[in-house]
Amino acid sequence: MSIKNKSYGHFDDANYEYVITSPFTPTPWINYLGNDGFHGLISNTAGGYCFYRDPKFRRLTRYRYNNVPVDTGGRYYYLKTDDDMWSASGRPVETELDSFECRHGMGYSRFLSRKGGISSELTCFVPLGETAEVHKLTVTNEGTSSKELSLFSYLEWCLWNAEDDGANFQRNLSTGEVEVEGSTLFHKTEYRERRNHYSFFHVNQSITGYDTDRESFLGPYRGVHKPLAVTNGQSTNSVAHGWSPIASHHINMKLAPGETRELMFVLGYVEVAPAEKWESKGIINKQPAQALIAKFDTTEKVNSALDELHTYWHTLLNKCHVSTPDDRFNRALNIWNQYQNMVTFNLSRSASFYESGIGRGMGFRDSNQDTIGFAHMVPEKVRERILDLSATQKADGSAYHQYQPLTKKGNSAIGGNFNDDPMWMVFSTCNYIKETGDFSILDEQVPFDNDDTTKAPHFEHLKRAFDHVINNLGPHKLPLIGRADWNDCLNLNCFSTDPNESFQTTQRGKSDIAESLMIAGQFVAYGQEFIALCKQLNKDELAADCQLHVDAMIQAVNEHGWDGDWFLRAYNALGDKVGSHENEEGKIFIESQGFCVMAGIGLDDGKAAKALRSVEKHLATEHGVMLQQPAYSEYDKYLGEISSYPPGYKENAGIFCHNNPWIVIAEAMLGNGDKSYDYFTRITPSFLQDIQDLRKSEPYVYSQMVAGRDAATPGQAKNSWLTGTAAWCYYAASHYILGIQPDYDGLSLSPCLPKSWPEVKIHREYRGAQYDITLSNPKGLSTGIYKLTVDGEVQIGNTINFERFNASHKVELTLEKA
Ligand code: GLC
Ligand code: GLC
């Protein structure tokens, strides 16, 4: 049976939703709840978990990664009649429903089920600014006779430290503690000692019974698909002491024909001041929980919190709204890409269904890049993030590769000395200032390595990032790669032959030889950004000095980084070329082509154009542009992890989506609008609806990787949601295809359109002003000479000066000739 074109859902643009029509998607298709510190991950069958700020240290509910069946653990609601039992979210109970739908929306997920004349609607969301998930459940008797029904809620508590929770059973099976009061089930493990926080699960009506001990609820050797308490139609009022604490409410109801019952559940987290921890000996202070519960104890309160959430998202997404002739492009830019940008900004690469939330905190490189898709949405948060990152920078300009969100301190758990790290902060900062005009960020006093005795203005941190590159040049005057550059798996100084050591934290080479052309391109690109920033600040001497270094780097690339038809990728620790026609495998890589062209190297002498033709010839496939070719067929200790993957996967010639938009941008810089757009469409989910079954991962967000030509199933996507692809694709489409480029003086317009688009309309909020922009393309061009008018007045150049035009304006840009 061919299932290649099977569809599991569709977009509902009017509601900003993706509608999933089956509980059996090829992988769990998830959504994220919450933006302000409290986050939930929720699959299309309500699987997943939630945490406060840090998915390692403050995890409320338990989730079993890579379990069988997949997606085990979640917020489950069981419905039970005399004849049947089923789940309001389609799973984990195996009963097939008469109808099922999951609607993932902006910050909420809704599950619609129908079985034997009973329908239910479950809406899960995190109210703005709150530390709780609210679950609104309505149950309706659609039949003609009255029905008796038992409802059971269920979730399993994680004992806070998610890593310890999954490893340290000699302790954990003894520590679990709960309290029950009325309809609220409290989880207070470790509260007796060093914690000043607890969580709770509440429902706004009186309950028939409850369970807080897992085994009592599930029954021995049974799973969540068939809990004994549900089968029996009666909970056991168990109180957990150690073992595995859970929270389950039991409510009996009798529904007349047509009758609906509404229940508001609150799964919350609260902190208590140390002096007020206890109500009486051993009894926790429940006031903070009661205050939180009181905000959501009626249908009206919950509905108005949901309305606020809708308004918030509509307002946010409307800051940049585009209308092009292609609905798929509009849908990506207006809804899903921006939504994913918020999620990647919030969580970096820490917690998804593929990132376990215990291994990686906030990445330095990743988080800086994530800001470029988000600065126009919530600039205040970007400011804070950049300064947090800056505070983890070391005094020599290098960076910790990650920091823990709870402490905001850098750590070396996943290595350090990735020599591309420093310059990303120059990029994020310049992009932020161009968006907001907020130069004051540069004056903020920021410590190095979180040591308050070493504070310096943020501008000085940028300068040290720049200096770090020029202080670490190799034999060809190209940047030393260190542990690795953007490509975590190009470990040129590792030489590992021991399967028990990590490629990222092992180093044997002295790291004074291996050089990176990706960092060279990055340094030229963001070095020029730094120079432009210096000029804005009238630091002309510094600008001139930096220019010498940038020019020297361009020269080094031209002399030692050009392979004849494309840019080299690196020199390894033996001084041998990587990414050259002289190599048998790994002859050409995407990163150096993308970064050298984005830096403008070779635009004037044909190298850039030639490099891009080589990309097209050797790396492009229908599913996107592969990372390198030919794939490495053998492990090579002088290359590291990249050669450890089977051909076609991940960094070994997979389509690593993150760097595809670099080629989109590079083509646009050369004026090739059709090519640029074509590359964009090959990896953007809204264009790929008819291959859902092949791709497997969520058809509304980007995945990190798509299997390349050498893989068993080219086109199969993996590791969805938390990827730099999101911010970069948005940036490529908005800044380069549509050409909306915030600059120090104002909004600059330099579109590079597909020739078939006669007109594009854009609404853009910028530094408090509203611009309604029409791009007219009557002659079917991509780019060329423009005529710009603002409110009918012809402008010189293509920048809308923010000082002159700072209210609501009508902007028209016409592409007049090529
Ligand atoms: C655990 C430890 C053991 C220790 C015992 C008592 O079993 O593994 O080393 O002696 O606890 O604390
Ligand atoms: C992962 C990392 C990112 C890196 C990329 C390529 O996505 O999060 O930092 O650049 O892999 O190796």
(message) Parallel, tilted or perpendicular: which one describes the rings of His249 and Phe265, with boundaries at 30° and 60°?
(response)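 Plane angle between 30° and 60°, so tilted.
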
(request) Measure up the Tyr76 and Tyr154 rings against each other and bin them: parallel (under 30°), tilted (30 to 60°), perpendicular (over 60°). (result)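 Taking Tyr154 first and then Tyr76, their aromatic rings lie parallel (interplane angle under 30°).
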
Using the salt bridge (Lys or Arg N to Asp or Glu O under 4.0 Å) rule, collect all pairs that involve [range], keeping only residues at least two apart or in two chains.
range	result
residues 44-61	Lys56-Glu163
residues 193-205	Arg171-Glu193, Glu190-Arg195
residues 208-230	Glu156-Arg214

(request) Consider only side-chain N and O atoms of Ser89 and Thr45, and report whether a donor and an acceptor are under 3.5 Å apart. (result)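 Checked: Ser89/Thr45 side chains show no N/O donor-acceptor pair below 3.5 Å.
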
Could you work out, with salt bridge (Lys or Arg N to Asp or Glu O under 4.0 Å) as the rule, every residue matching [X], not counting sequence neighbours?
X	value
Glu501	Arg508
Arg365	Asp420, Asp488
Arg360	Glu355
Asp98	Lys115

Among all residues two or more places apart in sequence or in another chain, which pass the side-chain hydrogen bond (donor to acceptor under 3.5 Å, both in side chains) test with [X]?
X	value
Asn196	none
Tyr49	Tyr65
Lys696	none
Tyr700	none

(request) For Ser502 and Gln504, work out which heavy atoms get closest and say how close. (result)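 The answer is OG-N, 2.9 Å.
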
(request) Give the minimum heavy-atom separation between Arg695 and Gly715, together with the two atoms involved. (result)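 Closest heavy-atom pair between Arg695 and Gly715: CG-O, 3.4 Å.
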
For residues 180-187, which side-chain donor-acceptor pairs fall under 3.5 Å, sequence neighbours excluded?
residue, atom, partner, partner atom, Å
Ser183, OG, Gln205, O, 2.6
Thr184, OG1, His202, ND1, 2.8
His187, NE2, Thr189, OG1, 2.8

(request) For the pair Ser352 (side chain) and Tyr354 (backbone), establish whether a donor and an acceptor sit closer than 3.5 Å, ignoring hydrogens and angles. (result)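 Yes, because the side chain of Ser352 sits within donor-acceptor range (under 3.5 Å) of the backbone of Tyr354.
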
(request) Only one of Tyr63, Trp29, Tyr32, Trp721 passes ring pair (Phe, Tyr, Trp, His ring centres under 6.0 Å) with Phe353; say which it is. (result)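 Going through Tyr63, Trp29, Tyr32, Trp721 one by one, the ring pair (Phe, Tyr, Trp, His ring centres under 6.0 Å) with Phe353 is satisfied by Tyr63 alone.
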
(request) Taking only Lys NZ, Arg NE, NH1 and NH2, and the carboxylate oxygens of Asp or Glu, determine whether Lys286 and Glu179 approach each other closer than 4.0 Å. (result)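 Yes, charged N to carboxylate O under 4.0 Å.
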
(message) Could you check whether Lys381 pairs with Asp388 (Lys NZ or Arg NE/NH1/NH2 to Asp/Glu carboxylate O, under 4.0 Å)?
(response)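 No salt bridge links Lys381 with Asp388.
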
